[in-house]
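Here's the structure, in structure tokens; my notes come after.
Please read these numbers as outputs of a predicted model, since none were measured by experiment. Note: hydrogens, waters and symmetry copies are ignored here, and every other heavy atom, side chains too, is used. In what follows, chains carry the letters A, B, and so on, assigned in the order in which the sequence lines appear, proteins first and then strands, with residues in each chain numbered from 1.
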Protein chains: 2
Amino acid sequence: MTIAESSRSSPRGRTPLTSKATLSRIGLELFIERGFDQVTVDDIAEAAGIGRRTFFRYFPSKNDLPWGDFEALLDQLESHLDTVDHEVPLFDALRTAVSEFNRFPGDDHGLHRKRMELLLKNPTLVAHSTIRYEAWRAVIADFAGRRLDKPADHLQPKTIGQICLGISVSAHYEWLEQEDQSLPELIDSGFRLARDVFLR
Amino acid sequence: MTIAESSRSSPRGRTPLTSKATLSRIGLELFIERGFDQVTVDDIAEAAGIGRRTFFRYFPSKNDLPWGDFEALLDQLESHLDTVDHEVPLFDALRTAVSEFNRFPGDDHGLHRKRMELLLKNPTLVAHSTIRYEAWRAVIADFAGRRLDKPADHLQPKTIGQICLGISVSAHYEWLEQEDQSLPELIDSGFRLARDVFLR
DNA sequence: ATAATAGTGGCACTCGGTGCCGAATGGAAG
DNA sequence: CTTCCATTCGGCACCGAGTGCCACTATTAT
């Protein structure tokens, strides 16, 4: 049980039978075991002991399960960027932030790897991820916009968001192939390799 | 009727009732008129005078309709990159290729704009586009890999593919907002603005 | 107890997509 | 002309995701 669950006050009405976190965990287990396409929503609902209809009150779609609480990570990235010293060049601020954003405590490396394997290799999930990526890019674009004193929805900040995401994603793919490499370091390398191209 | 249709030899068996190009056109018209989500596959099949089952022999999914024959454009990009002088720096080769790849003869500007509006604004289509983007990035990564003398599936070429796509996509979004700007010029600007960030 | 409130889940429905199979079509061979 | 063959067509039945509706249930407040 998470802190969010245990510390919630007692509102009126029936207590929920499960939680997003629990469903996400159960779903992820099934997906890893049998493959995303081989698991139906009914399977997940049954495994969680809830009705199929109820599942869709916790998650808008089966595709959203593997992401878990991505919003929380996003808030983390956002608040980290807020604290970056104004003296740090934009490029380095982004490079470091994106890199650190993908450093996870050592305990759940295996699970995170399997989650990313699902998200980056299953076509349905790859497609669905665009929605999450949009929010991610927006955080970067906002920051870049502030730094460059331009609206976040203008060409340069938007492009920077796209580029940072692109670097992050390709580093993730590389990370899945190279068992031994650290993800933050791969992302850092990605930023540097990208710069080389622009400098050449 | 396209050249591809009229010039095809006569194979044995029944002649097809329609073509991918025709279906794509009909679908696009309906999507523009009523919105992607408000048009069912039955609607399209009926409008084309074929059965629903037959529709799925021409296109694997409703989502594939708006793209039309993207493969042809991709081949064009690929062969253009093949002809680029080795003296041209990688950055400039990419900037120019991506930019020119998005210059279209003046006749169907309106239609192309509406198509891109669909593809970039409808969530389902945005998500589905990832599949097409993958092929696009592969062309760029192949080229970059050859230039950098690295396998196309290694970190740097892959990252370059992601970045070029990112620049292209954000330029497209900008283009949809700014009625008057030329798409190739916006892409060119995107590349330059991106470089500025890396140079700082 | 009773009312108010919030979660549950069955039912029926829509829509995209697939497997199966027989019918329709048109060229080639006799 | 007839037969054969390749190929397309499309109906039918089915699956799974996702939704609207509504009655039911558990819990707290009065």
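For the pair A:E71 and A:R132, the minimum side-chain heavy-atom distance is below 4.5 Å.
Across residues 123-134 of chain B, not one residue has a non-hydrogen atom less than 4.0 Å from an atom of DNA chain C. A heavy atom closer than 4.0 Å to some atom of DNA chain D occurs in A:R52, A:R53, A:F56, these being the qualifying members of residues 48-56 of chain A.
Distance, A:D43 CG to D:dA17 C1': 13 Å, rounded to whole Å. In this entry the distance linking CD1 of A:I44 with C1' of D:dA17 reads 11 Å, nearest Å. Rounded to whole angstrom, the span from the CZ atom of A:F59 across to the P atom of D:dG18 amounts to 12 Å. Computed from coordinates, the A:D37 CG to C:dG17 P distance equals 14 Å when rounded to whole Å. Computed from coordinates, the B:L23 CG to D:dT8 C1' distance equals 14 Å when rounded to whole Å. A straight line from CZ of B:F31 to C1' of C:dG16 spans 12 Å, rounded to a whole angstrom. Distance CG (A:N63) to P (D:dG16): 16 Å, rounded to an integer number of Å. For the pair B:K62 NZ and C:dT18 C1', the interatomic distance rounds to 18 Å; values are reported in whole Å.
Seen from the ring of A:Y173, B:K158 does not count as a face-on cation partner, given the 6.0 Å and 45° thresholds.
Contact between the side-chain N/O atoms of B:T40 and the OP1/OP2 oxygens of C:dC15 is not found at any separation under 4.0 Å.
A salt bridge links A:R192 and A:D188; the closest N-O separation between the charged side-chain nitrogens and carboxylate oxygens is under 4.0 Å. A salt bridge links B:R146 with B:D82: the distance from a Lys NZ or Arg NE/NH1/NH2 to an Asp or Glu carboxylate oxygen falls below 4.0 Å.
A salt bridge (Lys or Arg N to Asp or Glu O under 4.0 Å) with A:E117 holds for exactly one of A:R115, A:K121, A:R113, A:K114; it is A:K121.
At least one donor-acceptor pair closer than 3.5 Å links the side chain of B:H172 to the backbone N or O of B:S168. Of the possible donor and acceptor atoms, none in the side chain of A:T96 sits under 3.5 Å from a partner among the backbone N and O of A:A93. Of the possible donor and acceptor atoms, one in the side chain of A:Q156 sits under 3.5 Å from a partner among the backbone N and O of B:L193.
Closest to the side chain of B:R57, from the set C:dC15, D:dG18, D:dG10, is D:dG10. Residue B:R14 places its side chain closer to D:dC9 than to any other of C:dT8, C:dG26, D:dC9. You'll find that the side chain of A:D42 is closest to D:dA17, out of D:dA17, C:dA24, C:dT8.
Comparing B:G13 and B:S61 by the nucleotide of DNA chain C whose heavy atom lies nearest to each, the residue mapping closer to the 5' end is B:S61.
Looking at heavy-atom distances under 4.0 Å, A:Y58 makes contact with sugar-phosphate atoms alone, never a base.
Between B:F70 and B:W67, the distance separating the two ring centers is shorter than 6.0 angstrom.
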